[in-house]
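Reading through the structure tokens given below for one structure.
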Amino acid sequence: MIVLIGVLAAALLSMAVYAVVRPDRDADATRKGTRFLLGTLDFLVHWFLWALSPAERLSLSVGLTPDFFNFAGLAFGFVSGIGLGLGELELGGWAIALGGVADILDGRIARARNLASPYGKFIDSTLDRFVEVFAFLGLVVYFRDRPWGAFAAAAALAGSLLVSYAQARGETVNVSGSGGLMQRAERLVLMCLACLFDPSLAAWRGWQEGTAIFWVLALMAVATFATAIHRTAWIAQRLRRG
């Protein structure tokens with residue numbers, strides 16, 4: 001908990017500095033059209049990429065490759081699944097957070113070095129699915145004695161895969177289907193925060209541990225299915241129009 005408080009304090013201080021300095025919006029994120037919560041919290045996207053820029057510059061200077069971050073993210077995803085399955089919720093949360101950072105850096109390093117390629121796009125998106133599956137399966141194991149909890153984790157996993165599948169199939173027919181509320185960034189942030197804060201909330205409110213995570217998973221399940229349906233309808237409509 002002390003580590004979490006320290007990280008939150010540093011993040012809030014960094015946000016204040018960012019708001020005062022007001023650097024330009026991140027060019028890479030702007031070019032990609034990166035959005036968070038339908039654009040309502042785009043400030044957080046540009047702040048986080050600004051805060052992450054020293055790590056990005058260090059990675060470039062020491063010669064780290066996109067594949068290094070791809071497989072580091074995979075390793076963190078595996079650790080998150082193991083940690084969550086064993087009931088080590090904070091360990092799982094931190095692993096999810098570090099895996100998300102690795103996922104961001106692999107693409108930025110690739111674009112900074114002009115290494116973006118079909119191979120990179122394939123390996124990045126495929127390993128992302130492995131990472132999500134690891135985390136959700138860990139939660140299925142964690143909730144194995146609570147049927148509705150295991151169901152919520154499985155439903156959130158299914159919805160997340162459907163969101164990604166709809167986008168991937170849309171791209172094969174040259175129709176972008178990347179919109180919707182519950183995209184990967186939103187899922188990652190919700191999972192991370194739920195795992196990190198659940199033990200403290202449970203102790204404070206007298207809840208059974210895992211309660212906050214259960215409700216976050218239920219929300220994710222509903223929102224991911226809605227996002228997948230939205231993407232499917234959007235792509236189908238564009239294809240019907242030719």
Side-chain angles (χ1 to χ4, degrees), residues 1-16 18 36-37 40-41 43-52 55 69 72-105 128 130-146 148-150 152-157 159-160 181-224:
M1 188 60 184
I2 295 176
V3 174
L4 179 58
I5 292 173
V7 170
L8 288 175
L12 291 173
L13 178 61
S14 176
M15 284 184 197
Y18 178 81
F36 188 69
L37 282 181
T40 58
L41 293 179
F43 166 83
L44 294 179
V45 173
H46 296 280
W47 157 73
F48 188 71
L49 293 175
W50 170 79
L52 201 60
F69 288 107
L74 182 65
F76 284 125
F78 182 75
V79 171
S80 74
I82 296 297
L84 294 173
L86 293 174
E88 299 292 337
L89 301 181
E90 292 186 359
L91 171 63
W94 286 118
I96 291 171
L98 291 172
V101 170
D103 185 42
I104 292 171
L105 287 174
D128 284 350
F130 276 95
V131 168
E132 282 197 293
V133 167
F134 289 150
F136 282 117
L137 287 180
L139 288 172
V140 169
V141 173
Y142 174 72
F143 283 114
R144 63 190 179 278
D145 296 325
R146 288 179 265 179
W148 284 109
L157 169 59
S160 298
L181 173 64
M182 195 57 65
Q183 301 184 72
R184 186 165 190 270
E186 288 85 350
R187 299 195 301 268
L188 187 149
V189 170
L190 278 176
M191 284 272 287
C192 175
L193 293 178
C195 292
L196 291 175
F197 282 99
D198 183 276
S200 299
L201 283 173
W204 175 47
R205 300 292 297 174
W207 296 339
Q208 182 180 12
E209 194 169 278
T211 300
I213 295 176
F214 167 78
W215 288 109
V216 167
L217 287 172
L219 171 64
M220 289 178 64
V222 173
T224 51

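Starting from 1, each residue takes its place in the sequence as its number. Side-chain atoms are counted along with the backbone in the values below, which use heavy atoms only and exclude waters and symmetry mates. The shown structure was predicted, so the numbers you read here are calculated from the model rather than taken from an experiment.
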Exercise: identify the closest heavy-atom pair between Ala156 and Ala221: N-CB, 3.8 Å
Leu91 to Gly83 - nearest heavy-atom pair and separation: CD2-CA, 4.1 Å
Pairwise distance [atom1]([X]) to [atom2]([Y]) - rounded to 0.5 angstrom:
| X | Y | atom1 | atom2 | answer |
| --- | --- | --- | --- | --- |
| Leu105 | Leu49 | CG | CG | 9.5 Å |
| Glu90 | Ser200 | CD | OG | 6.0 Å |
| Met15 | Leu44 | CE | CG | 5.0 Å |
| Ile96 | Leu84 | CD1 | CG | 5.5 Å |
| Asp103 | Leu188 | CG | CG | 7.5 Å |

Heavy-atom distance under 4.5 Å between the side chains of Arg184 and Glu132, does that happen here? yes
Under 4.5 Å between any side-chain heavy atoms of Val216 and Met191, yes or no? no
Residues in side chain to side chain donor-acceptor pair (under 3.5 Å) contact with Ser160, at least two apart in sequence or another chain: Arg187
Taking side-chain contact (heavy atoms from CB on, under 4.5 Å) as the definition, give me every residue that meets it alongside [X], ordered by chain and number, with sequence neighbours left out.
| X | answer |
| --- | --- |
| Val7 | Val3, Trp94 |
| Phe197 | Leu4, Leu8, Leu193, Leu201 |
| Leu157 | Val133, Phe136, Leu137, Leu161 |
| Tyr18 | Pro23, Phe43, His46, Trp47, Trp50 |

In residues 138-146, what donor-acceptor pairs under 3.5 Å come from side-chain atoms, sequence neighbours left out?
{"residue": "Tyr142", "atom": "OH", "partner": "Glu209", "partner atom": "O", "Å": "3.2"}
{"residue": "Arg144", "atom": "NH1", "partner": "Val141", "partner atom": "O", "Å": "2.6"}
{"residue": "Arg146", "atom": "NH1", "partner": "Glu209", "partner atom": "O", "Å": "3.0"}
{"residue": "Arg146", "atom": "NH2", "partner": "Glu209", "partner atom": "O", "Å": "3.0"}

Sequence neighbours excluded, every pair satisfying side-chain hydrogen bond (donor to acceptor under 3.5 Å, both in side chains) that has a member inside residues 212-224: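 For residues 212-224: none.
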Walk me through whether Val189 and Phe48 qualify under side chain to side chain contact (heavy atoms under 4.5 Å, CB included). CA-CA 12 Å; Val189 170; Phe48 188 71; over 6 Å; no
Check residues 73-80 and write down every donor-acceptor pair under 3.5 Å in which the side-chain atom is one partner and the other belongs to a residue at least two apart or another chain.
{"residue": "Ser80", "atom": "OG", "partner": "Gly77", "partner atom": "O", "Å": "2.6"}

Salt bridge (Lys or Arg N to Asp or Glu O under 4.0 Å) filter on Asp198, not counting sequence neighbours, yields none
